[in-house]
Amino acid sequence: MSDVFDLDRLRAETPGCAAGMHFNHSGASLPSQSTLTAMWDYLRREAHDGPMETANDATALLDEVRADTAALIGARPSEIAFLGSGSTAWGATFSALPPLAASDRILVGRQEWGGNLATMQDAAARAGARVETIPVREDGSVDAEALASMIDERVRLVSLTWLPANGGLINDAAAVGRVTRAAGVPYFIDAGQALGQIPIDVATLGCDVLKAAGRKFLRGPRGTAILYVRQEFLPRLTPRYLDVLSGPIADGVVKIRDDARRFEAGEISPALIFGLGAATRQARTLGIAAIRERIDTLASGLRDNLRSIPNVTLRDLGAELSGIVSFTVEGIPATEVRAALAESQIAIGANGVPYTPLDMSARGLDQIARASVSYLNTLPEIDRLSEAVADIARRA
């Protein structure tokens with residue numbers, strides 16, 4: 001593990017670590033003091049010098065954040081746009097594709113994020129197109145070989161949620177990318193739970209579009225998201241709306257930007273982007289490989305503990321697992337498990353069908369409890385969470 005991975009220091013520099021045990025990093029993680037300071041310092045400058053005047057001097061620093069973000073995922077700075085949420089980023093690029101026609105097909109992974117799926121299903125219903133689910137392998141992960149057999153001239157998009165929100169599965173996104181590249185079909189990846197948790201290299205993935213919110217494992221602020229659009233794919237996307245940044249008018253002609261910022265609005269919070277930049281720099285300094293190793297160790301320990309508790313069932317699928325540990329307690333809804341743990345200052349998540357409707361329905365699940373692990377967590381915290389779940393399970 002990296003020499004800079006000083007857990008005591010990292011926790012001391014994270015105010016939320018003193019307030020309780022946080023196992024909801026897949027929902028929103030705890031920001032570091034450096035992230036908070038980056039935002040506060042900028043806001044203070046705005047208050048003193050004026051927001052617009054301060055922004056005039058921020059361009060070079062924002063360019064640095066864009067370069068750091070690009071480096072984090074193996075992209076070029078020109079391929080990165082900043083938006084307010086992952087859903088906004090995904091919707092903006094999906095709506096920029098050519099309109100669907102009757103009989104067109106969209107292929108999605110079974111774990112597709114509910115917001116993405118709703119957008120696709122609505123568009124398909126209006127056009128008379130279809131959204132079809134890619135089969136899964138025995139371990140529940142997307143079956144790239146089956147995908148290859150599904151592709152024909154009517155397929156307009158393949159969309160994959162890489163790490164689903166309802167469990168520890170890690171789909172083989174690169175295998176899907178090899179299929180879509182060979183077929184020349186657009187490929188979108190939702191990397192919301194991957195960013196800041198596992199290494200990302202967009203060239204290896206072979207995707208045309210990738211989006212992720214900054215608030216999750218990367219530990220950035222809410223209200224931030226990154227959008228990657230492969231430069232060579234950009235001409236195939238026509239934004240549904242423009243502003244003076246994305247499509248300025250010159251000599252009476254609209255000049256749409258020739259980089260990913262054609263999806264970026266002129267009105268964006270530099271303070272939030274600087275917070276995202278601080279979180280990105282910290283992740284790069286620590287090393288994503290080191291982060292991944294620690295998360296895997298802690299999550300594996302938590303899974304071992306939960307397996308041994310009567311009335312508790314692990315719900316994770318897949319051979320390679322992430323730091324999202326999903327489980328159910330017999331006879332107790334996940335929302336009640338979450339509430340009971342909150343009384344002991346332990347924060348977890350609880351996901352229902354709308355978040356991953358295809359997978360939850362296929363598995364007959366209506367809710368799962370979700371304990372997501374960060375490198376900030378400790379072994380004593382893992383044991384305390386396990387003991388608390390065991391106490392709840394004894395009530396079942």
Counting distance only, does the side-chain N/O of [X] pair as donor-acceptor with the main-chain N or O of [Y] below 3.5 Å?
| X | Y | answer |
| --- | --- | --- |
| Trp113 | Tyr355 | no |
| Ser344 | Ile346 | no |
| Gln197 | Gln193 | yes |
| Thr180 | Gly177 | yes |
| Arg215 | Gly27 | yes |
| Asn377 | Ser374 | yes |
| Gln231 | Asp258 | yes |
| Arg262 | Gly247 | no |
| Gln111 | Gly140 | yes |
| Gln367 | Ala334 | yes |

Exercise for the section: Run the numbers on Asp316 and Ser326 for side chain to side chain donor-acceptor pair (under 3.5 Å), then give the verdict. Expected result: CA-CA 6 Å; Asp316 292 333; Ser326 63; 2.6 Å; yes

If you compare all heavy atoms of [X] against all heavy atoms of [Y], which two are closest, and at what distance to 0.1 Å?
| X | Y | value |
| --- | --- | --- |
| Gly114 | Pro357 | CA-CD, 3.8 Å |
| Tyr187 | Gly206 | CD2-O, 3.6 Å |
| Trp162 | Pro199 | CH2-O, 3.8 Å |
| Leu237 | Thr93 | CD2-O, 3.8 Å |
| Tyr375 | Leu7 | O-CD1, 3.3 Å |
| Phe327 | Ala371 | CE2-CB, 4.3 Å |

Basic-acidic side-chain contact under 4.0 Å: [X], [Y]:
| X | Y | value |
| --- | --- | --- |
| Arg66 | Glu264 | yes |
| Asp104 | Arg154 | no |
| Arg105 | Asp152 | yes |
| Arg45 | Asp41 | no |
| Arg394 | Glu387 | no |
| Glu132 | Arg110 | no |
| Arg257 | Asp259 | yes |

Practice task
Indicate the ring-plane relationship of Phe233 and Phe188, choosing parallel, tilted or perpendicular according to the 30° and 60° boundaries.
Solution key: perpendicular

Could you tell me if the side chain of [Y] sits less than 4.5 Å from the side chain of [X], heavy atoms only?
| X | Y | answer |
| --- | --- | --- |
| Leu157 | Phe94 | yes |
| Asp208 | Arg236 | no |
| Val142 | Leu147 | no |
| Phe217 | Ile295 | yes |
| Ile73 | Asp201 | no |
| Arg230 | Leu210 | no |
| Glu381 | Phe23 | yes |
| Ile226 | Lys211 | no |

Handout entry: Greater than 12 external heavy atoms within 6.0 Å of Glu145's CD
Key = no

Practice task
Please assess Arg219 against Glu13 for the test salt bridge (charged side-chain N to carboxylate O under 4.0 Å, His left out), listing each intermediate value before the final yes or no.
Solution key: CA-CA 13 Å; Arg219 303 178 60 204; Glu13 294 173 352; over 6 Å; no

Look up atom [atom1] in [X] and atom [atom2] in [Y], then write down how far apart they are to the nearest 0.5 Å.
| X | Y | atom1 | atom2 | answer |
| --- | --- | --- | --- | --- |
| Leu227 | Leu83 | CG | CG | 6.0 Å |
| Leu306 | Leu385 | CG | CG | 6.5 Å |
| Leu272 | Thr35 | CG | OG1 | 11.0 Å |

